[in-house]
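Structure first, commentary second.
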Amino acid sequence: MSSLKLGVEVVGAHDLLAKDGQGSFCPFVELEFDGQRCRTTTKEKDLSPVWNESFYFNVSDPNKLSSLPLEAFVYNHNKANNAKTCLGKVRLTAPSFVNYSDAVVLHYPLEKRSILSRAKGELGLKVFVTDDPTIKPSNPLPAMDPDVVPKSIPKEKNGKRHTFFLLPNAKQPQQQQQKVTPAPPQQQMNYGVHEMKSGPQASKAVNMFPGSSSQPFDYALKETSPFLGGGRIVGGRVIRGDRPTSTYDLVEQMRFLFIRVVKARDLPSKDATGSLDPYVEVKVGNYKGITKHYEKKQNPEWNQVFAFSRETVQSSVLEVVVKNKALVKDDSVGFVRIDLHEVPTRVPPDSPLAPEWYRLEDKKGEKKKGELMLAVWYGTQADEAFPDAWHSDAIAPGDSTSVSPTYIRSKVYHSPRLWYVRVNVIEAQDLVPADKSRFPDAYVKVQIGNQILKTKPVQTRNMNPIWNEEFMFVAAEPFEDHLTFTVEDHAGPNKDETIGRTVIALNSIDRRADDRFVRTRWYNLEKSLSDAMDSDRAKKDKFHSRLHVCVCLDGGYHVLDESTQYSSDLRPTAKQLWKSSIGVLELGILNADGLQPMKTRDGKGASDTYCVAKYGHKWVRTRTIVNSLNPKYNEQYTWEVYDTATVLTVGVFDNSQIGGSDNTRDNKIGKVRIRISTLETGRVYTHCYPLLVLHPSGVKKLGELHLAIRFSSTSMVNMMSQYSRPLLPKMHYKRPLSVIQQDILRHQAVNIVAARLGRAEPPLRREVVEYMSDANAHLWSMRRSKANFLRLTSVFSGLFSAGKWFGEVCTWKNPITTVLVHILFAMLVCFPELILPTVFLYLFLIGVWNYRYRPRYPPHMNTSLSCADAVSPDELDEEFESFPASKSSDIVRMRYDRLRSVAGRIQTVVDDIATQGERLQALLSWRDPRATTIFVLLCLVAAIVLYVTPFQMIALLAGFYVMRHPRFRHKTPSAPINFFRRLPARTDSML
């Protein structure tokens, strides 16, 4: 029988619907899972009951856990007839079943049990899965009449809660006991009523943005028709060929010769001392690779794989040489020669090829002592040995030592799960300053790792300062840093004295997934950090200064670790709030063409490039192709998609760890962003993306990246329903973060992710993470400001065009059009019920007409839209300036004056808008008594006229007056406009 169990902690409920006619009732909860039922105790006359009872259910088949629902019914016990009435239910499925460490209390709204029933309120549950063998399942209830409710008698024994149920009409008088097993040992929370209420390819160029400014052909996106593993791609569809399909159907199949060097035995020694430091050299044509060597070992084990591209293999013989590093001359121990025409081909999912023992030979081909275990086969990049293999394209021909395999292998990284840490510093008691002759000017410094925030200094005479300030931090699992509180006294300028400090482990902090109340705690303050971390010593001291704080891990937020415009994941931190995936995103990184040299090696330009793709928590890195300006990667990766309003980012970088680079930073070559919502379901997009990078000298194209992308939907209904849901988790709207908080927390999150990924092997360097996450997108840029203004102008261009067209109608520029507009206007006024249907029908026809011209390709970076093709050198120099500025004072002064000029124009526009609004307020404010008198009298006349005149007549007269012929118009402004412009504003009160 499986030891897996489902644990359910019934915390409480609130705002339940009273059904006894007296405004209260006796509620209890009944749980059903996998044919098992359990009940809580009954609370007498409580609309917001609190149970805090735990139950455990056996999982009969763990493989079917994803299809087993948990149902929680809230019933009201009617004592008059001993019946129960359903007040609502909660139904949970597999996504809500998480490990105990990830489980938090969630408040689920009660659903109706049937169409005619009513439901109100919420039920607080904590659901988790555990395989702890020491936990016994709760005793299920016996089968009984569903309308009969057992009487419950809660008792406390040995600190544990037991519930006894008295069954009516039982044959024996004894009590049926149900034991509530305690939850796994973790820090427990007390939840009260108030907490519950808180609640070679042919290519064609295509335009990037229809209707937008065009850009040079060389910077445009190019659609291709490559022959991939699944067939030739034509127009986004796969045309099957004679080649069998495989799981790697978005990349070109690359053939490799794989050699697995496993181990050797009985190796002979060739020198007088008997020293043997064996290693193996694998040689195919002009390419060779070597294993690591062992000192004084006759039976070494390497278990290392070498991969040689079949395109570069120009030899028919594989030569494997066992060598002795202790010898300088004639260091060969033995040879193994294999005819490549006899090498088998392996295609996954075939099992790995079994290695064989080969007898060593000398140079003449005669057998000698010693054996070497090898496995040799032909395969593709779909082989399991491919990611960890040593690759021949990572070195130059004839060189086997120029590159360390650590920095060239393809890897998959997972960024850590990030949490927001909410800290509320409330007050302190009994502070003891060093200088007792003065009242302390106390403040609290809160620190997690490199994140430090301080409260405002507060001077108090009773040594009990009150701050009540809230801070937000970012922490990553596994929690390595501690939360440190330091109370300091600002004794003078640049003189702060420590009063006390306390340290809290992040693992012990309460977690929550909503805005429920978290209880506060008092912590003793110690003089030194070692005392603060030594809890045993702290207990010995009788007197302590104390600090009152409220700390929790907020799992209901999505921790923003990238720019909000290019977010690749919008899920909250708490796994219980995750929805099921709606599709799968597949990316094939094919090759790069025409790359520019990023370094100099042997007097020639060279590039050692690799690609990085980021989506959600998953980062992927391709292998590094050494010394190639047209590298072929042909690697395929897959992600689960939870929201279509997300962005996939692919970047190309030059590996600085390989010789020839002038610096230690990986140079950026360019990146590509692809929004998932712009992709059609099931279509394969194959395009060459230009790699555009903005340099201080202007925009440059450093090559092209060839990608194949496919988005497949697993549930069309779930995908379409995403468009009606909020973009961010609910906590972002219930307790929103300020813009300044978001910027600070995003910066801290990027630093944490970069530090964690930099500790991987091979490391994903900080400059790569920052470039992929757009960490500096919030900094000021004159070029970007101009681009955003032009984008805003483009958004309102349709309204401007409509206004211009209506102005031509009013001036009778085209009399026929004006007459037709008059007729249409009269029809709509006489039949107002046709207005909205006409508008929506018009929008429908526009959408159907534009379907023929819908984009067939994903959007890409546009130099014209970004104002990168006509930017001045000084503006570019300002954009690449460090923060804070490091230029000379004259340049900074000139840029400051220019910024003041731009800000002055914006200030004028804001002033004009405010003036018009204040004139509207002045109509009834009697600031200008004559103007208000005129307006009030006109309102009275208008009310009388509108009362006695049909509305259609008023609308017709007003429309015809606006569209009157120019012969009846005056060149001066009309009387209403003149009246409005004479109204006073608050500009007279401005200094």
Side-chain angles (χ1 to χ4, degrees), residues 1-2 4-13 16-17 19 25-43 49 51-78 82-98 100 103 105-115 117-130 135-152 154 161 163-165 167-168 176-181 183 576:
M1 186 176 180
S2 173
L4 191 66
K5 300 175 185 64
L6 180 72
V8 182
E9 181 179 339
V10 182
V11 180
L16 297 179
L17 182 66
K19 289 194 174 183
F25 55 97
C26 303
F28 67 94
V29 179
E30 184 175 297
L31 304 174
E32 294 185 8
F33 177 78
D34 197 11
Q36 308 165 62
R37 290 195 306 169
C38 292
R39 285 191 181 97
T40 65
T41 58
T42 302
K43 298 297 181 180
W51 287 283
N52 283 329
E53 299 182 19
S54 299
F55 303 89
Y56 292 89
F57 299 92
N58 273 326
V59 180
S60 58
D61 187 357
N63 296 326
K64 296 182 180 180
L65 180 60
S66 59
S67 61
L68 295 176
L70 169 67
E71 293 184 321
F73 297 90
V74 181
Y75 290 105
N76 172 37
H77 178 208
N78 192 336
N82 200 26
K84 62 181 181 180
T85 305
C86 184
L87 305 174
K89 71 173 184 177
V90 172
R91 180 184 175 89
L92 303 180
T93 54
S96 299
F97 306 159
V98 297
Y100 185 81
V105 178
L106 293 178
H107 304 291
Y108 301 96
L110 293 178
E111 302 175 356
K112 297 180 179 180
R113 189 173 186 179
S114 62
I115 299 177
S117 62
R118 297 174 60 193
K120 177 188 175 184
E122 294 181 348
L123 178 63
L125 298 176
K126 183 178 182 180
V127 185
F128 52 90
V129 178
T130 180
I135 298 178
K136 296 182 180 180
S138 304
N139 295 327
L141 290 175
M144 61 177 61
D145 189 343
D147 292 332
V148 177
V149 181
K151 298 180 180 180
S152 56
R161 176 185 290 270
T163 307
F164 300 90
F165 294 93
L167 303 180
Q176 175 70 28
Q177 178 179 355
Q178 179 187 5
K179 181 178 180 180
V180 181
T181 308
Q576 284 179 290

_Are the side chains of Leu16 and Pro27 in contact, using a 4.5 Å heavy-atom criterion?_
yes
*Identify the two heavy atoms, one from Phe55 and one from Ser138, that lie closest to each other, and give their separation to 0.1 Å.*
CA-OG, 3.4 Å
_Just verifying a value: how many Å separate Leu68 CG and Gln36 CD, rounded to the nearest 0.5 Å?_
10.0 Å
*Decide side-chain contact (heavy atoms from CB on, under 4.5 Å) for Val129 and Val98; before the verdict, give the C-alpha distance in whole Å, the side-chain angles of both, and the deciding distance to 0.1 Å.*
CA-CA 6 Å; Val129 178; Val98 297; over 6 Å; no
*When rounded to the nearest 0.5 angstrom, what is the spacing between CG in Asn58 and CG in Asp34?*
8.5 Å
*Contact check, side chains of Ser54 and Val10, non-hydrogen atoms, under 4.5 Å*: no
*Is the closest side-chain heavy-atom distance between Lys84 and Asn78 below 4.5 Å?*
no
*asked:* Minimum heavy-atom separation for Thr41 and Glu53, please, with both atom names.
replied: OG1-OE2, 2.7 Å
*Measuring from Phe33:CZ to Leu70:CG, what's the distance to the nearest 0.5 Å?*
7.0 Å
*Please report the shortest heavy-atom distance between Cys38 and Phe57, naming the atom on each side.*
SG-CE2, 3.8 Å
_Both conditions, 6.0 Å and 45 degrees, for the charged tip of Lys89 above the ring of Phe73: are they met here?_
no
_Nearest atoms (heavy-atom pairs only) where Cys26 meets Asn76_ = N-OD1, 3.0 Å
*Gap separating the SG atom of Cys86 from the CZ atom of Arg113, nearest 0.5 angstrom*: 5.0 Å
*Begin with the C-alpha distance, continue with both residues' side-chain angles, and end with the deciding distance and a verdict on side-chain contact (heavy atoms from CB on, under 4.5 Å) for Phe128 and Leu6.*
CA-CA 6 Å; Phe128 52 90; Leu6 180 72; over 6 Å; no
*I would like to know whether Glu122 and Leu110 meet side-chain contact (heavy atoms from CB on, under 4.5 Å); could you show each step before the answer?*
CA-CA 5 Å; Glu122 294 181 348; Leu110 293 178; 5.9 Å; no
*For the pair Arg37 and Glu30, evaluate salt bridge (charged side-chain N to carboxylate O under 4.0 Å, His left out) and give the outcome as yes or no after the intermediate values.*
CA-CA 7 Å; Arg37 290 195 306 169; Glu30 184 175 297; 3.2 Å; yes
_Heavy-atom pair with the smallest gap, counting every atom of Lys5 and Ile135_ = CE-O, 2.8 Å
*Measuring from Leu125:CG to Leu31:CG, what's the distance to the nearest 0.5 Å?*
7.0 Å
*Student check: side-chain heavy atoms of Pro95 and Phe97 closer than 4.5 Å*: no
*Kindly give the heavy-atom pair with the smallest separation between Val29 and Ala72, and that separation in Å.*
CG1-CB, 4.4 Å
*Going through the checks in order, is the side-chain contact (heavy atoms from CB on, under 4.5 Å) test met by Lys43 and Phe28?*
CA-CA 7 Å; Lys43 298 297 181 180; Phe28 67 94; over 6 Å; no
_Let me confirm one number: the OG1-CZ distance from Thr85 to Arg118, rounded to the nearest 0.5 Å._
12.5 Å
